[in-house]
Amino acid sequence: MIRIVRRLAVLAAFVVVVCSVGARAQALHDKPGRAAIASAHTLATQAGFEVLEQGGNAFDAAVAVASTLAVVEPQSSGIGGGGLFLLRRASDGMEVMIDARETAPAAVDPKDYLQANGEPDRDHAVNGPLSAAIPGEPAGLAWLAKHYGKLPLSKSLAPAIRIAREGFQPDSRFLGELAMRKEVLSRYPASAALYLPNGEVPKQGWTFKTPDLARVLERIAEQGDAGFYQGEIAKRLVDSVREAGGKWSMEDLAHYQVKERTPLTFDYRGYHIVTAPPPSSGGIALAEMLNILSGYDLNKLDRVRRVHYIVEAMRRAFRDRAEYLGDPDFVKMPVAELTHPLYAAGLRASILPDKATPSDMLPGYMAPSQGTHTSHFSIIDKDGNLLCATQTVNTLFGSTFVVPGTGFVLNNEMDDFALVVGKPNAYGLVGSDNNAPKPGSRPLSSMTPSFVIGTDRIGVIGTPGGSRLITMVLEGILAFIDGELPEQFVGNPRYHHQYLPDVISAEKGAFTPDEVKALEAMGYTVSESERRWGFMNAVSWDRKSGQMHAGSDPRGVSGSGVVK
Ligand code: GLY
């Protein structure tokens with residue numbers, strides 16, 4: 001009898017455990033019930049919520065946020081540029097990346113980017129119409145609305161159109177970055193008229209109106225992408241670009257196509273990472289780095305050893321970036337090999353436990369980087385749809401070239417190609433023939449919009465930042481997996497290594513003086529940067545507690561992360 005009672009007790013305990021595990025599983029929330037948006041500007045975040053309140057989903061909100069950023073943060077992104085939009089639909093788990101990256105015009109000629117003496121012509125690469133590739137952003141927004149949104153473009157573009165027409169007061173970051181590009185903006189009459197009233201950078205308190213951009217957005221709202229890529233606006237763009245020495249044609253615009261790409265996915269410490277495939281280099285580099293790091297228990301290591309392994313992973317991933325990557329529609333790339341755990345195991349085996357690997361001991365080539373432009377936003381809607389977008393006009397104010405009557409700058413994305421093989425671009429990145437410009441091809445990007453999907457916690461993470469963008473996303477993902485919330489990790493001090501120069505660059509506060517000494521003793525050169533970098537905007541949803549979080553990088557002046 002006692003035995004039977006004991007068995008029943010064990011059985012009861014078993015049932016309690018099973019039920020409580022079952023109850024825990026059931027306790028996971030199916031839907032957030034609220035939404036979270038983090039973007040580079042309060043007005044853009046508000047625009048996203050405005051569209052959600054009208055019955056839109058995360059993808060409609062993305063159109064509203066992206067187009068509003070085009071108005072209020074033109075130095076970073078806009079309809080004269082492009083972007084990568086990563087989507088996860090809650091109803092069926094469908095994941096896709098909308099590639100609205102710019103393309104080279106058919107008449108592209110690498111000689112245009114050389115001086116008479118054969119040296120790179122950096123001015124043509126980054127300033128004026130020759131630096132501008134065919135924009136992808138308008139087609140991306142129209143595609144997003146048509147295929148995944150619930151609302152017409154007339155609704156999702158409405159906040160941007162309103163703000164462009166009524167105006168807003170640019171923040172100190174906008175004005176400071178305007179000052180950095182003043183000299184080049186002054187070269188082009190329509191650019192100067194738009195951004196430099198009386199030829200000067202305006203003072204804080206200035207109301208910036210762009211009625212021309214409002215009209216272009218209205219045309220897109222009425223006609224979809226045809227409103228931009230065909231007809232009057234297209235003709236105006238082509239005529240003006242050609243008159244100023246560029247090479248665009250009506251066919252280049254008419255033939256522009258958004259591409260749907262299958263995201264790159266892999267697992268790390270129980271989390272499923274969904275990220276950007278080529279033409280971004282970011283996802284491949286992220287997979288390489290996290291695959292290498294999966295061989296270490298990072299949380300058991302002291303800080304210096306942890307930084308050592310992370311930096312060695314960065315070094316190796318950046319070596320491969322330059323060597324292999326380009327536009328997947330034009331070049332074959334060993335993506336499966338580069339992202340394979342066995343490849344990472346080989347790279348890991350080359351890392352010494354207590355010594356830096358000098359970059360020149362690894363075959364390949366690369367060079368330095370900078371960059372604080374581009375814009376990233378992250379959205380989770382009340383149904384659990386995820387949207388993560390990084391969009392850009394490339395460097396600050398792109399080419400600075402405004403076509404009269406349009407109200408927006410054209411990108412200078414041609415500089416993301418390896419215009420002169422082996423010579424660095426604005427980020428210090430060099431590339432191989434794989435990333436040389438071909439008619440209609442897309443330049444290699446570093447943009448790395450990423451989802452981090454665990455059983456209980458989901459994170460949506462990304463940032464601008466040139467080539468540092470990739471390592472910032474890595475550090476954000478590691479912090480999220482360690483349990484930090486977006487509000488915390490977006491502000492963490494950052495460090496970066498990109499193979500060459502063979503230096504760890506670090507923001508102030510990333511390392512203590514003792515940590516710097518310990519890293520130097522292992523053979524590293526640590527260079528503390530005066531500037532801070534990046535503008536991370538991340539959101540998360542904890543399916544166990546139901547809590548949502550939104551964090552906007554404190555480095556951005558008007559960034560805004562909101563849950564409601
Ligand atoms: N234009 C910056 C990037 O795509 O990486």
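Heads up: numbering here begins at 1 and tracks the sequence. Read the numbers this way: they start at 1 and go in the same order the structure lists the ligands and their atoms. Keep in mind the model is a prediction, meaning the values are calculated, not measured.
- Within 4.0 Å of ligand 1, the residues that place a heavy atom are Arg101, Thr392, Asn394, Glu413, Asp416, Tyr427, Ser445, Ser446, Met447, listed by chain and number.
- Using bins of under 30°, 30° to 60° and over 60° for the plane-to-plane angle, the ring pair Tyr271/Phe480 lands in the perpendicular bin.
- Under the ring pair (Phe, Tyr, Trp, His ring centres under 6.0 Å) criterion, Tyr309 pairs with Tyr296, not counting sequence neighbours.
- Remark: Arg494 pairs with Asp553 by the salt bridge (Lys or Arg N to Asp or Glu O under 4.0 Å) rule, at least two apart or across chains.
- For Tyr268, there are no ring pair (Phe, Tyr, Trp, His ring centres under 6.0 Å) partners, not counting sequence neighbours.
- Side-chain contact annotation: Ser378 with His376, donor-acceptor N/O pair under 3.5 Å present.
- Between Tyr256 and Tyr229, the two ring planes are parallel [angle under 30°; tilted spans 30° to 60°].
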